[in-house]
Amino acid sequence: MTQASPRVAWGRRCPWKKCGVSPLSEVSPRALFQGQSQAGGESGQQLNQKSGAGESVLVSVYVQLDFSNQTWPLTLSRILTPPFASAFSPPATLAGLGLTTECNVHHDGRTYCACLPGCQWNASVCSRRRPCGSPHSRGPCGCLVFSPPETGYCQLLPPVPGTLSLNSQVQMPGNTLNLTLVTSHETTNLNWFLRPAGSPRPILLQPGTQVSLTSSPGQALLSILNISHKWAGEYTCRFEAQGFRWELYQVVKVPLQATDVARLPDQLSISCATSPGFQLSCCLPSTHLVYTASWSPAEGNKASLVNTPGSWCLVLTVQRCPAADTTYTCELQSPGLTPLRVPISVTIIQDGDATCPEDSSAVAWNVTKAGHVAQAPCPVNRTGVVKRTCGPDGSWEPIHGGCTDTGVLALFHRAWLLRAGQGWPAVEAPQILAELSEQAMVVSSPSDLLALLGTISFLAKVVVDARIQLNRSALEALLKTTDKVLDLDTSSLWIPAQAQKPSTGSDLLLAVETLARSLCPQDHPFSFSLQNVRLQTQLLGPFPADYRVSFRTQPPLRAHIPRCSLAPLGRNGTNVSITSLVLQKLDRLLPSSYGQGLGDSVYATPGLVLAISVMAGGQAFDQGEVIMDFGGTGSTPHCVFWDHSLFRGKGGWSDEGCQAQTARASPTTRCVCRHLTAFSVLTSPNTVPENLTLERLSQVGLGASIVALLVCLGVYRLVWRVVVQSKVAYLRHTALLNVVLCLLAADACFLGAPLLPPGPRSPLCLAAAFLCHFLYLATFFWMLAQALMLAHQLLFVFDQLSQCRVLSLMVVLGYVCPMGFAGAALALYLPRGQYLREGACWLSGKGGALYTFVGPVLAIVGVNGLVLAMAVRKLLRPSPSEGPQAERRQALLAVIKALLVLTPIFGLTWGLGLATLLEEVSTVPHYIFTILNTTQGVFILLFGCLMDKKVREALLKRFCRSQPPNSTISLVSYWLQILSSPTKGSDAAVPQPSREETGTARG
């Protein structure tokens, strides 16, 4: 059955115009005529254009002709009367008959109608009918399938409404390809396609890492960045205009580069005695360019061509081993292009050369010269080469290089091209995910693992860029693949893979987290559980309530997102979807990298990572409060999340925005974070767990210290005027009084700090930490002032400083210096998030803030120790002119007593504090540190105040009104005068004790 479209002219005979050439046969007596618009296709409407008398009007009429046999009529000259002729219109004359469509009825009852050259189905008909062949066949809408009684016909094509231009048909590698479509009519449904060399069908081009699509009225531009031979082929621009589908073509050729040519081997060392002949190969991928290949030198050698899927190889068989080292060159020549030369060096092993012997343990390794690398092809169904270096001493080194499974590598290339811009993302991404689940079973080398993980990462980026929503089956395939990957051997697969690409584990976490939240809304809720992977999704309405989820993992895990965090997302009436994903064993595959708030310590994880994603309106939101309960965390926990941006994209654990809340006598840690991502808990294996005994000891010790210091202040209030009669006594007791005041304020601040809300966002907590830092440092610096004053008297006997000058220097040393250290620590470490310890209002030991306290304290303890040593040396080796031996010894013993009481106590306490920071430390230093550190005020009251005879005498005088013996002197207040007296003859230069100092003053 054939359909034809007659062209009828009224008023005068028009020349007969035939669309295509077909054989003729006799026409049956019956013929059916229907008026038809040239743009209609199947509408059956008449195109009737009237004009003045005597003018010809062209009318398109749909005519169906049934032929009785396979021969066409020789002529169709009989004049037919069209059915639309009437008494009111002049008779019409059939001037010519043009054939447009040829139809054949198949055995299934359907009619297959194909357009003849110059004709085509219009776009409306084409969009409603199934094509005869493949939808990717060349030519737009050339053949359609009709079911009885449907029918139709093709139409004559108007002139092409556009041109497709190319900046250059031959594109050099690395350049940018530009294809420009310029149209004269409005276009719709414009798409670009590429048919690479050897590909059976065209590939859709969409925006990607290398494809850029832009359009403007009357123009469309396709740009391919960094072009290579993988982008060579026939480009098609398909669009609709004037009611028809159009396709314009351009062929792009890209020359090959040396890296595109596979050499096997790329170098060779051979012994002519054992191997008189050998083979060399250079393989080229399929390309639109014509290459002529040849080997040189070719004398006495035989070259042969071997075809393989997607490539062809030129194999050179060297039948006679050369006498010396030779470089063989595979030369590729294409007309109009610079020849491409690929060299392969062959080294001949001479007598006496060190060599590695043959080895056939896993791969057949031939005799190889020392210092050279041997190569061998991969086994069947695997791609690549393996290499092995022959060491300088003639011993084989370990095998390196890798063979990748052909199936895994093919999926990797598909995903890479999809990411670059080739393919149908919505169709191919689920297909690749389904195939990955099967390919995960064959992973047996680090290169297999890297290719598999690279495929998942590419697919995650494609899904995000193309805004693809996955169905349940695709997501299940992803989770099954992830479960298998997490079970792969760590030592033989993961560690070598991470050595090649350190961000492997981080990339897997990001990709799985991205794909897991891309589930179609209609597939919620969805729950899936495997050994290493657990997933729960939930779709909330526009006004979401609290979100709660729990997982029966080991340890158990619960999460909760308050309603206040979700309410802003549903304001526009959009649904909110939440995806909770738990990955076990992934934590051991992530690098042990920690952000600024965690320092360089090594932490342990509970073995799982929780990733929570919130989607609303097709967008992912990462801000909002989430509360998580991690069970079985043991020692001091750190709530952390995996920050993919740390360490130049390698990723690391960070505690920014997260706080830990540990319940007493409970192994569960509650983490409160202000953002949504992948969370876990870190625990320090060397941290002593907090216990009630240590806390009680600390509180009791600080309380006793505060009471003792208050008593010390009361004592000074009563006896101050009595004990500071001389310059030396005034300076000593002034320094001790400032020690008491600073330590009292520091202990009170430290005791009240746990009552404040912890964290860098709490101003009170920051103020408490700063004050504790400053006041404790001031305590030690006033101790240093005492020691330096004694050292001055020991070293500069005849140099007496004025009281005003000494007091000014002591104030600067005691307050200005610690304020500088405390202020610098605050300014330096607070912006980095390293100032406060997690969960406490004290300096953090992870970033260095704590060392701005420990460092000065240890330095002061060291200086005090040196001064103490000087005093002891002075006592053990006195000068003959230093006065009565008993008096000097008694004075020095008093000084040493003061230093032995104050300085070592503080030094020993903080020395034990350093011991608690060391690894594998027992609980004993923690208890000793707590007891000594919190009772310092008691030691000052007993040894620095009450043991001073001058103070005791003043108290007895005030309360008992009794007069002590005249011979009693205050050794502690008079020690500087004693030590500074060099000879008996210099008594005039030494200030003598007053009557009050010698005990002769009366009340």
Side-chain angles (χ1 to χ4, degrees), residues 440 443 446 449-450 452-454 456-457 460 478-479 481-517 530-535 551 553-555 557 559 580-613 622 628 630 632-634 637-658 660 669 671 673 675-685 846:
V443 173
L449 179 59
L450 289 174
L452 185 71
L453 298 180
I456 298 176
S457 297
L478 167 70
L479 299 179
T481 303
T482 305
D483 181 71
K484 297 173 184 176
V485 167
L486 294 176
D487 262 339
L488 295 176
D489 185 70
T490 304
S491 59
S492 62
L493 296 177
W494 274 101
I495 293 179
Q498 289 175 325
Q500 299 181 45
K501 188 177 182 182
S503 64
T504 299
S506 179
D507 294 343
L508 174 63
L509 174 60
L510 178 61
V512 175
E513 182 183 359
T514 302
L515 292 170
R517 65 171 177 241
L530 290 173
Q531 180 180 358
N532 302 315
V533 179
R534 289 173 174 84
L535 177 74
F551 295 93
T553 55
Q554 291 299 329
L557 176 62
S580 298
L581 174 67
V582 175
L583 299 174
Q584 291 188 294
K585 298 183 180 179
L586 178 63
D587 57 315
R588 63 185 175 90
L589 306 177
L590 296 171
S592 299
S593 304
Y594 308 105
Q596 296 176 349
L598 297 171
D600 298 328
S601 301
V602 178
Y603 296 91
T605 58
L608 53 82
V609 176
L610 170 64
I612 300 179
S613 303
D622 57 1
M628 296 159 289
F630 291 86
T633 52
H638 300 267
C639 296
V640 293
F641 73 99
W642 187 257
D643 190 345
H644 295 277
S645 63
L646 290 179
F647 303 104
R648 298 182 180 180
K650 296 179 183 178
W653 294 109
S654 173
D655 60 352
E656 183 178 356
C658 293
T669 298
C671 294
C673 297
H675 47 74
L676 303 173
T677 179
F679 303 97
S680 189
V681 172
L682 301 179
T683 55
S684 176
K846 305 302 180 183

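Values in this document were obtained by computation on a predicted structure and should not be read as measured data.
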_Spacing of Gln498 atom CD and Leu590 atom CG [to the nearest 0.5 Å]_ = 8.0 Å
*asked:* Using modelled atom types and a 3.5 Å cut-off, is there a donor and acceptor pairing between side-chain atoms of Ser506 and backbone atoms of Ser503?
replied: no
*asked:* If we count only N and O atoms by modelled type, under 3.5 Å, do the side chains of Thr490 and Arg588 hold a donor and an acceptor together?
replied: yes
*Is there a donor-acceptor pair under 3.5 Å between the side chain of His675 and the backbone N or O of Glu656?*
yes
*Rounded to the nearest 0.5 Å, how far does CD of Gln531 lie from CD of Gln584?*
8.0 Å
*With the side chain counted from C-beta on, respond yes when Leu479 and Leu581 share a heavy-atom pair under 4.5 Å apart, and no when they do not.*
yes
*How far apart are the closest heavy atoms of Asp643 and Ser654, and which atoms are they?*
CB-CB, 4.2 Å
*Return yes when the gap between the SG atoms of Cys658 and Cys671 is under 2.5 Å; return no otherwise.*
no
*asked:* Quick check against the 3.5 Å criterion: does Glu513 have a side-chain atom that pairs as donor or acceptor with the backbone of Ser613?
replied: no
*Contact check, side chains of Lys650 and Ser593, non-hydrogen atoms, under 4.5 Å*: no
_Minimum heavy-atom distance Ala660-Thr669, with the two atoms named_ = CB-CG2, 4.3 Å
*If you measure from CG on Leu493 to CG on Leu450, what distance do you get to the nearest 0.5 Å?*
10.0 Å
*asked:* Would the distance check show the side chain of Asp483 and the main-chain N or O of Asn532 forming a donor-acceptor pair, the cut-off being under 3.5 Å?
replied: yes
*How long is the span from the NZ atom in Lys585 to the CG atom in Leu608, to the nearest 0.5 Å?*
12.5 Å
*asked:* Please give me the minimum heavy-atom distance between Ala559 and Leu610, naming the atom from each residue.
replied: CB-CD2, 4.1 Å
*Does any N or O in the side chain of Trp494 come within less than 3.5 Å of the main-chain N or O of Leu486, such that one atom is a donor and the other an acceptor?*
no
*Specify the closest pair of heavy atoms between Leu515 and Ala460, including all atoms of both residues, with the distance to one decimal.*
CD2-CA, 3.7 Å
*Which distance, rounded to the nearest 0.5 Å, do you find between the CH2 of Trp642 and the CG of Leu509?*
8.0 Å
*Which heavy-atom pair separates Phe647 from Tyr594 by the least distance, and what is that distance?*
CZ-O, 3.2 Å
*Lys501 atom NZ, over 12 foreign heavy atoms within 6.0 Å*: no
*Nearest atoms (heavy-atom pairs only) where Pro496 meets Ser491*: CD-O, 3.3 Å
*How long is the gap from CG on Leu508 to OG1 on Thr482, to the nearest 0.5 Å?*
6.0 Å
